[in-house]
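Convention: sequence-line order gives letters A, B, ...; per-chain numbering from 1.
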Amino acid sequence: MTQFEAAFDPKLSERKLYDFWMEKGVFKASRTSGKKPFTVLMPPPNVTSQLHMGHGTGYTMQDILVRWKRMKGFEALWLPGTDHAGIATQMMVEKSLEKEGTSRQKLGRVAFVKRCQDWKEKYGGMILDQFRAMGFSCDWDRIAYTMDPHLSHAVRQIFVTLFNEGLIYRGERLVNWDPVLQTGISDDEVESKEVNGHLWYFNYPIEGSTEFIPIATTRPETMLGDTAVAVNPDDERYQHLIGKMARLPLANRLIPIIADSYVKSEFGTGAVKITPAHDPNDFEIGKRHKLPFIDIMNPDATLNDKVPERFRKPRFEARKEVIRALKELDLFVKEESYKTTLPHSERSKEVIEPRLSLQWFVDMKKLAAPAIDVAKDGRLKFHPDLWKKTYLHWMENIHDWNISRQLWWGHRIPIWYCKKCDGHTTGMTDPSQCSKCRSTEIWQDEDVLDTWFSSWLWPLSPFGWPDKSNDLEHFYPTDVLVTAPEIIFLWVARMTMVGLKTRGVAPFHDVFLTATVCDKQGRKFSKTLGNGIDPMEVIDRHGTDAVRFTAVQLAPLGGRIKMAPEDFEAGGRFVNKIWNAARFIFNYMDQSRPLQPLDASKLSLSEKWLLNELAVAAESVDKMLHAYRINDAVEHVYHMIWGSFCDWGVETAKNALQGTDQGEKDRTVSVLVYVLDALLRLASPVMPFVTEEIWQKLPKHPGWDRPVSLCIAAYPDPTTLPRFPEAAAQWQRVQDVIAGIRSVRSQAGVPPKQQLEAYVKTDTAGVTLLKAADADVRRLAGLSKLETAVDLKRPGQCLADVGKGYETYVPAAGLLDVAKEKVRLDGEIARIGKILAGLESKLGNASFADRAPPDVVEATVAQRDNMKTQLAGLKINLSALAD
RNA sequence: GGGGAUAUAGCUCAGUUGGUUAGAGCGCUGCUUUCACACAGCAGAGGUCCACAGUUCGAGUCUGUGUAUCCCCACCA
């Protein structure tokens, strides 16, 4: 006899079952199974990261989809992996070096890269262990890492391909320079933040005149790199100065006063200092007017030797020094408070310094065009749809992508420069001579590639691209990508572009953007706020199934998820409920008698209703999952199990189970097990552990398949599940009567234990139904006696419930509080009266009958009549109270 | 500055193409410790669906305006 413990122990069960799944290889995807593939790419987490509730929720959604498809008979592949996370990892390693009192410079490149690898080996696996704890059903045999040899090979291939097509080029540009990390970063790694700054006003003397030109700036220190002052060509105040020279204070250089329509006369003084090497706008103006570019900063954002010694300090100190110096010269005019938005580095949080440097770029325009098309014509869909606009907006205004990073951790740029000529050499193997002049004096670029330049190949490289592997042919394109909206540009858009470029097909047809997980105040989880929830901690407390269930139940399509640690209690209760329902059924199961197949001719009304509910629920779940409305699907599972199965199905079964008829007992258990089996299947993708634990104890039901694990058992198919719509509607009527009696009982303060008698006046069909369900009604409503008739005479003193198609009387001598009952009936009469009045006036409106569709009018009439009957019934009962 | 989203019960949210008496979970109140489960059962209270105007026989649902909150994008020194 199978043991059924009094309570489900997640800790014990989870480890055991995950090992069991691994051992049986149920998550492995095979190319040769003949099944249709369903492929999902796991967005590779950074090797450095820890599992947080964002992963917890987003990845659980993926797991649900994958498990669901697997059970539906697809060859489901969920591909796991990690990302080397260039900047993040390098930052972590540098920090730990700093603690040791050393630095990457002291260590040297080779040793430093080794340290990064060690770091990855040590900490890289932690998040994956946490994924196992979450029960994720990925194919671990296929795990990929962006620095794996064959993935690195793919990176090199795409670089070489794009370079040869002229889509990768080197240029001196103003890039977003992170002075802390000392590398350029892409536009997408920059975040604008509003800061309280100042606007300072200075005077620049005009050469050969006593006049001054006043300028305003938020960054006085950059004036040392000014190479012009610009005014609007139509600005009358400055017409006479255009073409003259100003003497740049402190630097003591002559700079021209130029006219450019970029300048807004109404802002500041209408005259702008131009620093082409340190401001993106000034850079453009500098190019237009062929101005000199003077770079006055070192990589760490201290001012360099292009400026007088006094100012060679960190940029913000230099700023103060410049102001002080201008005051000394009496050129300082005034200071105003000013709110402005400044670019900050996403990683180091430091203010970005626009810096002139030589970088490698990808020309994105050509790559973007097909990626725009697929989104527009629906080959690529977004869920929720509104993200399509965001995607298209970015694609249509795409900037070239700076892919070089002045880091050591990453894929080194496969370009060799020549000492003899200006040749750039690349190729799939390291060259030994310059491709242009054949010189052997060549050296490789010191920089590495942006991490995203490897992650954009995620739909390709793990499957073996650029080789034409069977895996690639089989699993590409993948099906759905589930990820956070923050990385639509960084990742989703770029994967789409490179997928189309290399394969001609978008790498997925659906993109599901997850909601952001926030605390109850709607603030994003952040380390500094300390408002985050540690998934491992809540798993420890409530179990993985509870965490998975709660996380996805709270997650609507898009938007925000407000989450608190105590929310997971709800999931825990649900797990407990399922466990106990199963345990109850087990108590009545006799292992010596085999389960019977479903026999529709022998089913009771309530059983037909329950089976019908199951079919309806399975259909809803299927529909919701297809639409990626995972929270709604989970909600349906919850209501089916708790509301329909436990509250009604199991309760009504108790009559037979606790009765004496052994045949009826066996038959009832068989029906319950059939439904339970289906429900475990239905819930398995969401709560894989508790469902498997129960399912393994369950004897095989002849109505179901029995593979080694529930994870690969057939998902309930709404098209083949039996349905009994008529019986379901009939049982609904019985439920109404039961609910009415319970309500009356509760309002009269009669304890549940106290048996009552009830008399129901109803139509012929109702009488037949209630007679058939006599035992059920008596049990569920707590009756010692139930009498039904069409022409039932109202007993004397009684409580009454008047509903649709029936009137119930409960003799209440000694129970009845006349005053209270009168208040209740008055309330009911008022409520029904109001509804009736509304319906009457609707029907009285001539244009309603005229214009509303006939079925609506018909329904309204029927409802009006129903209300009329109910109202009359209530009034009779009210007057009878006087008896 | 541009674009987008949201506003429904104390809280978090459902509410499909306009059409029966606007729903759920949590919380709250009352009754019940009946042998699956008190992590439970049963019953109940609680909503002028942000405001105003409009379209319509009919609006939580469609349109406009306003208000509030949030997000994304953007080079005004």
Original post:
Is A:K577 side chain donor-acceptor paired with the B:C39 base, going by distance under 3.5 Å alone?
Top reply: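 In this structure, the two groups form no donor-acceptor pair.
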Subject >> A:W200 versus A:E335, closest heavy-atom pair with distance >> reply: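 Closest approach of A:W200 to A:E335, heavy atoms only: NE1-OE1, 3.1 Å.
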Under 4.0 Å, heavy atoms only, any strand: does [X] hit a base, just the sugar-phosphate, or nothing?
X: A:K654; value: base
X: A:T860; value: nothing
X: A:N845; value: sugar-phosphate
X: A:E635; value: sugar-phosphate

d([atom1], [X]; [atom2], [N]) in whole Å:
X: A:D282; N: B:C75; atom1: CG; atom2: C1'; value: 9 Å
X: A:D9; N: B:C39; atom1: CG; atom2: P; value: 17 Å
X: A:R745; N: B:G44; atom1: CZ; atom2: P; value: 13 Å
X: A:R583; N: B:C39; atom1: CZ; atom2: C1'; value: 13 Å
X: A:K868; N: B:U20; atom1: NZ; atom2: P; value: 21 Å

Any side-chain N or O of [X] less than 4.0 Å from the OP1 or OP2 oxygen of [N]?
X: A:S743; N: B:G44; answer: yes
X: A:Q553; N: B:G25; answer: no
X: A:W642; N: B:G41; answer: yes
X: A:K389; N: B:C73; answer: no
X: A:Y588; N: B:A36; answer: yes
X: A:T340; N: B:A77; answer: yes
X: A:K562; N: B:U12; answer: yes
X: A:Y338; N: B:A77; answer: yes
X: A:R219; N: B:A77; answer: no

Nearest-angstrom distance, [atom1] atom, [N] to [M]:
N: B:G27; M: B:C11; atom1: C1'; value: 7 Å
N: B:U32; M: B:A7; atom1: C1'; value: 40 Å
N: B:U55; M: B:U17; atom1: P; value: 23 Å

**OP:** Decide if the gap between the ring center of A:H383 and the ring center of A:Y628 is smaller than 6.0 angstrom.
**Re:**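 Yes, close enough.
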Atom pairs and distances, donor-acceptor, side-chain atoms in residues 642-654 of chain A, under 3.5 Å, two or more places apart:
unit_1	atom_1	unit_2	atom_2	d
A:S644	OG	A:E613	OE1	2.9
A:E651	OE1	A:K654	NZ	3.3
A:E651	OE2	A:K654	NZ	3.1
A:T652	OG1	A:W648	O	2.7
A:T652	OG1	A:G649	O	3.0

Could you identify the nucleotide paired to [N], looking across every strand shown and requiring Watson-Crick or G-U wobble geometry with both distances under 3.5 Å?
N: B:C73; value: B:G1
N: B:A59; value: none
N: B:G30; value: B:C42
N: B:C50; value: B:G66

Original post:
Can a cation-pi geometry be assigned to A:K665 and A:Y588, taking NZ or CZ under 6.0 Å from the six-membered ring centre and within 45° of the ring axis?
Top reply: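 No.
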**OP:** Could you label the plane-to-plane angle of the A:W394 and A:F489 rings as parallel, tilted or perpendicular, counting under 30° as parallel and over 60° as perpendicular?
**Re:**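 Plane angle under 30°, so parallel.
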